[in-house]
Trainee: 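My questions will all concern the structure given below.
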Amino acid sequence: MGQLDRPSTAAPEHVTPDSTVSAPKVAVLAAAGIDRALLEELFDHTPDIAFFIKDAAGRYTTVNHSLVERHGLQSKAEMIGRRPADVCVGSFGRIPTEQDAAVLRTGRPIVEHLELHWLQPHRPVWCLTTKLPLRDAAGKICGLIGLSKDVRAPISPREIQPEIAAALLHLETNYAEPISPSALARLARVPPARFGRAVKRIFGLTPVQLIAKTRIAAASLALRDTPRAVAEIAHACGFSDHSAFTRAFRAATGVTPTEFRQMHRTAQARGKPEAVRQTARRR
């Protein structure tokens with residue numbers, strides 16, 4: 001495999017699973033008044049959520065089993081004491097590391113940021129990622145805590161009101177057109193606030209997030225399965241221009257449209273679809 005096809009799994013020289021890391025790990029959480037063991041045990045029972053705590057340098061101090069499995073790793077020790085960039089090469093590790101650095105530097109949280117992750121075996125899943133800064137007794141930022149929650153429809157399609165379903169079908173088939181949450185609400189013949197609550201109940205997303213998800217998902221399929229130019233795909237999926245498409249796609253997937261397409265072409269050429277999974281974006 002090439003460098004972009006394989007995450008690094010060797011532990012850093014300064015890390016040992018139960019000794020060197022344990023002291024600062026406990027210190028960070030104690031300073032923030034958090035019971036690490038209790039949280040870790042709780043989130044080990046939530047397979048649809050990737051949970052993590054990181055220190056002031058953005059290194060993992062606590063992870064749950066789900067996050068470990070999403071990386072294709074065998075144990076939590078392979079992640080503890082490392083940053084995302086140390087676990088996944090390229091943009092897939094660099095982007096969440098930069099995201100962490102921003103939260104640690106500014107103290108501004110990231111709340112329900114819509115992202116496309118990859119689960120084994122080679123299965124794309126949309127997630128909502130939240131990251132909050134941790135502060136010690138003096139108010140100084142001493143780390144961050146966060147999770148990525150899989151976006152899954154909690155109700156059956158049969159339970160969706162027909163007018164709401166018609167609006168959602170319109171979005172699925174007309175995403176290339178200018179579409180706003182208020183326009184969808186008008187199609188559903190309900191007030192915008194009511195439509196927003198319905199979308200949140202059905203998908204766990206806001207209408208704005210649902211529109212973005214629909215367009216990015218369609219674009220990813222076109223990039224993967226057609227030879228169409230990126231600019232053409234951008235227009236066909238409802239984006240105003242190439243740069244707007246690139247920004248939105250990178251924010252959701254961790255790579256540019258061109259990088260995404262090349263990643264899939266490389267995997268197909270080698271006959272190893274797992275290469276895409278192994279380079280997939282991780283938190």
Side-chain angles (χ1 to χ4, degrees), residues 4 7-8 11-15 20-36 39-40 43 49-64 66-68 70-71 73 76 78-118 126-149 206 208-209 212 216 243-244 246-256 259 279-283:
L4 292 180
S8 172
E13 293 181 357
H14 65 284
V15 173
T20 308
V21 175
S22 59
K25 174 166 61 177
V26 172
V28 166
L29 298 174
I34 291 177
D35 187 331
R36 177 198 64 82
L39 283 176
E40 186 173 349
F43 282 102
I49 294 177
F51 169 75
F52 50 85
I53 299 175
K54 301 175 184 179
D55 63 17
R59 296 172 298 207
Y60 291 108
T61 63
T62 303
V63 297
N64 69 340
S66 179
L67 184 58
V68 173
R70 291 166 192 238
H71 282 76
L73 302 178
K76 294 179 180 180
E78 295 178 84
M79 299 189 70
I80 300 303
R82 309 175 76 188
R83 301 177 181 86
D86 300 322
V87 179
C88 290
V89 298
S91 297
F92 301 105
R94 176 177 54 80
I95 290 174
T97 299
E98 293 174 350
Q99 195 180 67
D100 293 342
V103 173
L104 292 166
R105 183 181 67 256
T106 66
R108 290 195 292 268
I110 294 171
V111 179
E112 293 199 330
H113 176 62
L114 185 65
E115 301 175 325
L116 184 62
H117 294 185
W118 294 87
W126 286 91
C127 298
L128 291 174
T129 295
T130 294
K131 297 181 178 182
L132 306 175
L134 294 174
R135 297 180 183 272
D136 60 21
K140 182 180 179 181
I141 295 175
C142 59
L144 64 84
I145 185 170
L147 56 82
S148 289
K149 177 179 63 175
T206 66
V208 170
Q209 289 173 330
I216 293 296
S243 60
T246 297
R247 288 194 301 271
F249 195 90
R250 185 178 184 272
T253 67
V255 292
T256 66
E259 290 171 336
T279 58
R281 182 179 191 172
R282 310 299 183 188
R283 307 316 311 157

Trainee: Fit a plane to each ring of F51 and F43, take the angle between them on a 0 to 90° scale, and name the class: parallel (under 30°), tilted (30 to 60°) or perpendicular (over 60°).
Mentor: parallel
Trainee: Determine whether E78 and V68 make a side-chain contact, defined as any pair of heavy atoms from C-beta on separated by less than 4.5 Å.
Mentor: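 Heavy-atom side-chain distance check fails, nothing below 4.5 Å.
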Trainee: Would you check, one step at a time, whether the test side-chain contact (heavy atoms from CB on, under 4.5 Å) holds for I216 with F249?
Mentor: CA-CA 6 Å; I216 293 296; F249 195 90; 4.0 Å; yes
Trainee: Any idea which heavy atoms bring C127 and S148 closest together, and the distance?
Mentor: CB-CB, 4.3 Å
Trainee: Is the backbone N or O of P96 less than 3.5 Å from a side-chain atom of R83, with the two atoms forming a donor-acceptor pair by type?
Mentor: no
Trainee: Please report the shortest heavy-atom distance between G107 and R135, naming the atom on each side.
Mentor: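 Scanning both residues, the minimum pair turns out to be CA-NH2, 3.9 Å.
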Trainee: Mark yes or no for whether N64, through its side chain, and I49, through its backbone, hold a donor-acceptor pair below 3.5 Å.
Mentor: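 Judged by distance alone, yes, a pair lies under 3.5 Å.
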Trainee: For the CG atom of D100 and the CD1 atom of I110, what is their distance to the nearest 0.5 Å?
Mentor: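 Reported to 0.5 Å precision, the distance equals 7.5 Å.
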Trainee: So do the side chains of K54 and L104 get within less than 4.5 Å of each other, counting heavy atoms only?
Mentor: no
Trainee: With rounding to the nearest 0.5 Å, note down the distance linking OG1 in T61 to CD1 in I80.
Mentor: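 Reported to 0.5 Å precision, the distance equals 6.5 Å.
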Trainee: Thinking salt bridges, do K140 and D136 make one under a 4.0 Å N-O criterion?
Mentor: no
Trainee: With heavy-atom distances below 4.5 Å as the criterion, would you say the side chains of L134 and I141 are in contact?
Mentor: no
Trainee: For T129, which of K149, H113, E115, E112 qualifies under side chain to side chain donor-acceptor pair (under 3.5 Å)?
Mentor: E115
Trainee: Under 3.5 Å, side chain of T62 to main-chain N/O of R36, donor-acceptor pair present?
Mentor: no
Trainee: How far does CG of L73 sit from CE of M79, to the nearest 0.5 angstrom?
Mentor: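 Here the interatomic distance stands at 6.5 Å.
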Trainee: Does the side-chain contact (heavy atoms from CB on, under 4.5 Å) test come out yes or no for L128 and L114, once each step is laid out?
Mentor: CA-CA 5 Å; L128 291 174; L114 185 65; 3.8 Å; yes
Trainee: When rounded to the nearest 0.5 angstrom, what distance separates OG1 in T97 from CG in D86?
Mentor: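 Spacing of OG1 (T97) from CG (D86) equals 7.0 Å.
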Trainee: Evaluate I53 against L39 for side-chain contact (heavy atoms from CB on, under 4.5 Å), listing each step before the verdict.
Mentor: CA-CA 10 Å; I53 299 175; L39 283 176; 4.3 Å; yes
Trainee: Just checking K76: does its NZ atom have more than 12 heavy atoms from other residues, nucleotides or ligands closer to it than 6.0 angstrom?
Mentor: yes
